[in-house]
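Report on the following structure.
Read the numbers this way: they start at 1 and go in the same order the structure lists the ligands and their atoms.
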Amino acid sequence: MDLTFDLVIIGGGIVGLATALEAVHKFRGRRIAILEKESTIACHQTGHNSGVIHSGIYYKPGSLKAKNCVAGAAAMVEFCRKHNIPFDICGKVVVATAESELSGLQELMRRGKANGVPGLAMIGVDRLRELEPNCAGISALHVPGTGITDYAAVARKYAQLVEAEGGQILTQCEVRGIKRSSREMVIETTRDAVQADFAINCAGLYSDRVMRLAGDAQGLQIVPFRGEYYEIVAARRKLVRNLIYPVADPRFPFLGVHFTRRITGGIEAGPNAVLALKREGYRKTDFSVKDALETATFPGFWRMAAKYWWSGAGEYYRSLNKRAFARALQKLVPDIQASDLEPAGSGVRAQALDDRGALLDDFCIVRSERMIHVCNVPSPAATASLIIGKQIIETLS
Ligand SMILES: Cc1cc2nc3c(=O)[nH]c(=O)nc-3n(C[C@H](O)[C@H](O)[C@H](O)COP(=O)(O)OP(=O)(O)OC[C@H]3O[C@@H](n4cnc5c(N)ncnc54)[C@H](O)[C@@H]3O)c2cc1C
């Protein structure tokens, strides 16, 4: 098999696949491949998320997250419609349950308007009860354009379209080494050596390691945060109609445990955000010496831990104690009980941390010789995937 390519994309998640899709359209006739270490695509973040088509209320105006989320949500809806992928623009409410949260709610309204999110409305108790009869709150932000879909199904469609345009998807092909010179680049994999003119690193939870394989920037590390879900038992699903969120703590890039209706059926509660001791560790007991040591020896980790150890401890407590998890949910829906919750799946977020201990707030994409590294694309990157892919490929044309 000829393993010489014009462009190679490392990672078959939704961002790598969206980038490949844009590339096969833009560079027709060029040899383009995706290298994926697993036996199928979309196994990690892309296949383990909440499935929300975010609207763009959370992100700082002018940031990449803000611009890409608003444009990305519109592109995602159009894509799902065109390719018959199930989606539902069901709307969501972000709910303040105490006076102290009202300023946070106003800030979300301000950001949403600045980002061009349509249809936002600050609503009172009566309207909130019409939308979500079992939800408690003193005020809420209604975001009618938020939707739900199945990102694994979206990614499979991207892959099908990439292959239909001549792109190759090589699975069980883990990148283990990268050698670059001004004349060529050789990517060592668990299959064979691959030659490429240019490569784009979309390796998600391992994007920092791939960066280091290429000898590129230190000072940034992926810290894995597991998000655990419960599912509401069938008899109690009527407690939630669509999506109910708390007012998130603006210091963290996570949204707080919330309720999400799944496009495939059922209502999930979660995800929390606990530090994972294994990058692809989906169970509480998963542990990797290499991953844990890598986190513990990164100076930024201890700086972050010193600042946020109290919130982190709370997340662990709620992770290990179902009643505490239920209590967090009862702020939003008082009738929900621990007995209404059954353990569901989990996902691990690839969140970049810098060596000063700051969690990167925005998407981060950097260019080096013959390579682009997609270093930080946590949520809402599934929503924004088509626009992220477009922007990356535009920089190459
Ligand atoms: C719990 C959770 C909830 C979320 N909810 C939402 C949501 O509701 N809406 C939203 O928009 N976003 C959400 N997100 C974020 C979204 O899922 C991610 O931003 C998105 O999936 C990132 O895609 P990716 O392609 O970068 O990463 P991934 O899907 O993780 O793909 C990376 C791929 O790279 C491969 N890889 C890694 N190393 C190598 C190597 N050395 N060689 C070859 N291949 C390699 C991996 O196997 C993997 O397939 C959520 C994420 C989580 C974890």
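Among the candidates L120, V95, V93, V94, the single residue satisfying the side chain to side chain contact (heavy atoms under 4.5 Å, CB included) test with H142 is V93. Of the candidates V8, N201, T190, I10, I10 is the only one forming a side chain to side chain contact (heavy atoms under 4.5 Å, CB included) with V175.
The V52 neighbourhood of ligand 1 comprises atoms 7 (C), 8 (O), 9 (N), 10 (C), 11 (O), with distances under 4.0 Å to a heavy atom of that residue. Within ligand 1, the atoms closer than 4.0 Å to a non-hydrogen atom of P378 are 19 (O), numbered from 1 in the order shown. The C173 neighbourhood of ligand 1 comprises atoms 43 (C), with distances under 4.0 Å to a heavy atom of that residue. Close contacts of ligand 1 with R349, meaning ligand atoms under 4.0 Å from a residue heavy atom, involve 52 (C), 53 (C). In the vicinity of V377, heavy-atom distances shorter than 4.0 Å reach the ligand 1 atoms 18 (C), 19 (O), 22 (C), 26 (O). Near H54, with a cut-off below 4.0 Å to any heavy atom, the atoms of ligand 1 are 7 (C), 8 (O), 9 (N), 10 (C), 11 (O). Short contacts between ligand 1 and E38, defined as distances under 4.0 Å to a heavy atom of the residue, involve ligand atoms 47 (O).
Neither the backbone nor the side chain of A384 has any atom closer than 4.0 Å to an atom of ligand 1 (non-hydrogen atoms only). With a heavy-atom cut-off of 4.0 Å, C202 touches ligand 1 through its backbone alone. Here L35 has backbone heavy atoms under 4.0 Å from ligand 1, and that is the only part of it that gets that close. Contacts between A382 and ligand 1 below 4.0 angstrom, taking non-hydrogen atoms only, involve backbone and side chain alike.
Within the 4.0 Å heavy-atom shell around ligand 1 one does not find G270. Residue contacts with ligand 1 do not include F225, since none of its heavy atoms lies under 4.0 Å from the ligand.
Between C80 and V154, the shortest heavy-atom distance links the atoms SG-CG2, 4.2 Å.
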(Q) Using the rule given for salt bridge (Lys or Arg N to Asp or Glu O under 4.0 Å), can you reason through E132 versus K92, listing the C-alpha separation, both sets of side-chain angles and the distance that settles it, and then say yes or no? (A) CA-CA 10 Å; E132 292 289 351; K92 82 172 184 182; over 6 Å; no
Side chain to side chain contact (heavy atoms under 4.5 Å, CB included) for F27 and E165? Distances and angles first, verdict last. CA-CA 10 Å; F27 308 130; E165 293 286 343; over 6 Å; no
Could you walk me through whether R212 and D208 pass side chain to side chain contact (heavy atoms under 4.5 Å, CB included), step by step?
CA-CA 6 Å; R212 284 195 284 276; D208 58 339; 3.4 Å; yes
>> salt bridge (Lys or Arg N to Asp or Glu O under 4.0 Å), that's the test. Do E78 and R81 meet it? Break it down for me.
In response: CA-CA 5 Å; E78 196 187 311; R81 196 170 275 135; over 6 Å; no
Exercise for review: Evaluate the criterion salt bridge (Lys or Arg N to Asp or Glu O under 4.0 Å) for residue pair K278 and D286; output intermediate values, then yes/no.
Suggested key: CA-CA 6 Å; K278 185 174 179 201; D286 282 345; 5.1 Å; no
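Under 3.5 Å, the side chains of S50 and E268 contain no donor-acceptor pair of N or O atoms. Using modelled atom types and a 3.5 Å distance limit, the side chains of Y151 and T383 yield a donor-acceptor pair. Judged by distance alone, the side chains of R180 and S368 do bring a donor and an acceptor atom under 3.5 Å apart. Side-chain contact, S385 with Y158: a donor N or O sits under 3.5 Å from an acceptor N or O. Side-chain contact annotation: E184 with Q195, donor-acceptor N/O pair under 3.5 Å present.
Taking the ring centre of F325 as origin, the terminal cationic atom of R318 falls outside the region bounded by 6.0 Å and 45° from the ring axis.
Salt-bridge annotation for R279 and E294: present, with a side-chain N of the basic residue lying under 4.0 Å from a carboxylate O of the acidic one.
From the protein, the heavy atom lying nearest to atom 1 (C) of ligand 1 is Y229 OH, 3.4 Å. Protein heavy atom nearest atom 44 (N) of ligand 1, with residue, atom name and distance: K37 N, 3.2 Å. For atom 38 (N) of ligand 1, the nearest protein heavy atom (residue, atom name, distance) is Y206 CB, 3.5 Å. For atom 5 (N) of ligand 1, the closest non-hydrogen atom on the protein side is S50 N, 3.2 Å. Protein heavy atom nearest atom 4 (C) of ligand 1, with residue, atom name and distance: N49 CB, 3.1 Å. Here the protein heavy atom with the shortest distance to atom 42 (N) of ligand 1 is V175 N, 2.9 Å. Ranking the protein heavy atoms by distance from atom 37 (C) of ligand 1 puts A203 O, 3.3 Å first. In this structure, the protein non-hydrogen atom closest to atom 12 (N) of ligand 1 is S379 OG, 3.5 Å.
Considering backbone and side-chain N/O of T46, one or more are found under 3.5 Å from N/O of ligand 1. Ligand 1 has no nitrogen or oxygen under 3.5 angstrom from a nitrogen or oxygen of G204. At least one N or O atom of Q45 sits closer than 3.5 Å to an N or O atom of ligand 1. For V348, no nitrogen or oxygen atom sits less than 3.5 Å from a nitrogen or oxygen atom of ligand 1, counting backbone and side chain alike. For ligand 1, none of its N or O atoms has an N or O atom of V210 under 3.5 Å away. Distances between N or O atoms of L205 and those of ligand 1 include no value under 3.5 Å.
Selection from H48, M76, E280 by nearest heavy atom to atom 52 (C) of ligand 1 gives H48. Which of E36, E174, E228 comes nearest to atom 49 (O) of ligand 1 through a heavy atom is settled by distance: it is E36.
Residues I392 and E22 are not in side-chain contact: their nearest non-hydrogen atoms beyond the backbone lie 4.5 Å or more apart.
Between Y245 and H258, the ring planes are parallel. Angles under 30° get that label, and only those over 60° would be called perpendicular.
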